[in-house]
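Any value given below was found using the heavy atoms of this structure, including those in side chains, with hydrogens, waters and symmetry copies removed. Index from 1, following the sequence.
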Amino acid sequence: MITKFRGDEYIMHRNEKNPIITKADFPLETHAVFNCGQTMFEGKTLLLIAAFYKTPVNDSLCGIHVATSDDGVNFEINPEPLFIKDNWHGDCPGSFDNWVIDPRVTKIDDTYYIIRPGQVRGSGPCALLYKTKDFKTAEFVDCVALPANRVPCLFPEKINGLYVRIDRPYNIHCPEEPECIPDTDILRASMWLSYSPDLVFWGHHRPLLYPESVTFSNWKIGPTPPIKTKDGWLEIIHGVWKEDGEFCYSIGAMLLDLEDPSKIIGLLDRWILTPTEPFETDGRVANVVFPCGAIAEEEKDEIRIYYGAADEHIGLAKGKLSELIEAIKNCPAPY
C-alpha cells in the first residue's frame with residue numbers, strides 16, 4: 001500500500017458522515033456506487049452516480065443514476081438510471097458501450113451537457129456527449145472523441161468565440177524515454193486542450209499538463225469540468241502514482257487564465273485530498289479518491305468535492321474556496 005502522501009488534511013476536510021453514500025443506500029443491489037458527476041440544479045445538489053449492478057439492468061452491467069439533496073449530504077436516489085448501455089454506434093459489430101461510469105457535467109446557458117465514456121473493448125474509451133434540461137431524460141448528441149480519450153471536460157462558456165474542453169488522452173508508449181516504465185501498456189495519461197465551433201467537431205489540440213508536473217503523480221493525470229472564478233478557471237484534477245505495481249489516486253488543483261486557458265496561473269505542488277481513511281484505502285480498487293467534478297459557491301466561500309472512494313463508496317470533502325485559490329496562486333506554474 002502506497003502511504004508516502006499521507007498526512008494531515010490540507011484545505012479540503014472530510015464530512016463527518018463519510019462515506020455519505022454506500023451500496024447499502026442504493027435502491028438497487030450493487031457491487032459498488034462510486035465516481036459521480038455533480039452540479040447544482042433547481043437549488044439542490046445533484047449527483048450523477050455510477051453504479052455497478054449485481055443484476056444487469058436491460059443487459060447493462062452498470063448505469064448512472066440521478067441523486068438530489070437539499071442539504072448536500074442526505075441524498076434521494078432515483079432507482080431508474082439516466083444512462084445505461086446505449087446502442088449509439090448503430091449496426092457496427094462489436095462492444096462499444098460496456099462500462100457506463102464516470103460522468104462529467106457542465107452547464108452551458110440553460111442546458112446541462114454530460115460527457116461519459118463509451119468503453120470500446122480493446123481500444124479504451126471514446127467520449128459520448130449528451131444534453132438535458134431536466135435530468136429526467138438525456139438526448140444523445142454524438143461521439144465527440146476517438147479512443148483513447150477518457151471523458152473530456154467542457155468549459156461552461158465559449159472563450160474567444162469557441163467551445164473549449166480539456167481532453168484526457170492516454171495509451172502512449174515511450175520505451176525510448178528513460179523515465180518510462182518498461183513493459184507497461186499505458187505509460188502516460190495527460191491533459192490537453194481542444195476547441196470547437198459546435199461541441200461536436202474538435203481540433204486545434206494543444207498539450208496542457210503531464211503527470212510529472214505534480215509531486216503526487218508519475219503515471220496518470222486527469223481533469224474535471226473547469227469552474228469560473230474571478231481569479232481564473234479553477235480546475236480540480238486527479239493524479240496517479242504508480243509504485244511496485246500499486247497505485248495511489250489523489251486530488252489536486254490548478255488555476256487557468258480566463259481568456260487563454262492554455263496559460264496555467266498556478267498549480268498546487270501537493271494534493272488537497274489523498275487516500276487516508278479505511279473507506280478510501282480498502283475497497284474494490286484500493287487507495288483511491290477520485291473526482292468527476294466539484295461544486296464551488298463564491299458567495300459562500302465554499303467548495304465541495306463529491307468523490308469516489310476505493311471504487312466502492314462516495315465521500316464528501318469541503319473547504320474554503322478562497323483558501324484553495326490563494327494556495328494555488330502561491331504555487332507558480334511549472335512552465
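With respect to Glu76 and Lys44, no salt bridge is recorded, no charged nitrogen being found less than 4.0 Å from a carboxylate O. Note on Lys230 versus Glu298: no salt bridge recorded, every NZ/NE/NH1/NH2 to OD/OE distance being 4.0 Å or above.
The distance from the CG atom of Leu129 to the CZ atom of Arg165 is 9.0 Å, given to the nearest 0.5 Å. With values rounded to the nearest 0.5 angstrom, Asp231 atom CG is found 9.5 Å from Ser322 atom OG. From Leu258, atom CG reaches atom NZ of Lys263 across 12.0 Å, with rounding to the nearest 0.5 Å. The structure places CD1 of Ile295 at 5.0 Å from OG1 of Thr45, a figure rounded to the nearest 0.5 Å. Rounded to the nearest 0.5 angstrom, Thr68 OG1 and Asn74 CG are separated by 11.5 Å.
No donor-acceptor contact under 3.5 angstrom links the side chains of Ser194 and Trp192, judged on distance only. Side chains of Thr111 and Asp109: a donor-acceptor N/O pair is absent below 3.5 angstrom, by distance only.
The only member of Glu297, Glu302, Glu323 that meets salt bridge (charged side-chain N to carboxylate O under 4.0 Å, His left out) when paired with Lys318 is Glu302. When Trp219, Phe216, Phe5 are each tested for a ring-ring contact (aromatic ring centres under 6.0 Å, His included) with Trp241, only one passes: Phe5.
Between Pro225 and Cys153 the shortest side-chain heavy-atom distance falls below 4.5 Å. The side-chain heavy atoms of Pro156 and Thr106, taken from C-beta on, include a pair separated by under 4.5 Å. Contact of the Glu235 side chain with the Leu208 side chain is not registered, since no non-hydrogen atoms from C-beta on lie closer than 4.5 Å. The shortest side-chain heavy-atom distance between Asn78 and Lys136 does not fall under the 4.5 Å cut-off. At a threshold of 4.5 Å between non-hydrogen side-chain atoms, the residues Phe34 and Ile101 count as touching. Within the 4.5 Å cutoff, the side chain of Lys320 has no heavy atoms near those of the Ile11 side chain. Two residues are said to be in side-chain contact when any heavy atoms from C-beta on lie closer than 4.5 Å; Leu234 and Leu321 meet this criterion. Put simply, the side chain of Asn149 does not reach to within 4.5 Å of the side chain of Val144, judged on heavy atoms.
In the displayed structure, Asp260 atom CG is contacted under 6.0 Å by more than 12 heavy atoms of other residues, nucleotides or ligands.
Here the shortest heavy-atom pairing between Arg104 and Pro291 reads NH2-O, 4.2 Å. In this structure, Ala51 and His65 approach most closely via the heavy-atom pair CB-CD2, 4.3 Å. Residues Pro79 and Leu28 share a closest heavy-atom pair of O-CD1, 3.7 Å. Taking every heavy atom of both residues into account, Tyr130 and Leu128 meet most closely at CE1-CB, 3.8 Å. Across all their heavy atoms, Ile272 and Ile236 have their closest contact at CD1-CD1, 4.3 Å. Closest of all the heavy-atom pairs between Pro152 and Ala145 is CG-CB, 4.2 Å.
In this structure, Asn58 contributes its side chain and Ser60 its backbone to no donor-acceptor pair below 3.5 Å.
Residue pairs meeting the ring pair (Phe, Tyr, Trp, His ring centres under 6.0 Å) criterion with at least one member in residues 282-325, sequence neighbours excluded: Phe75-Tyr306, His238-Phe290.
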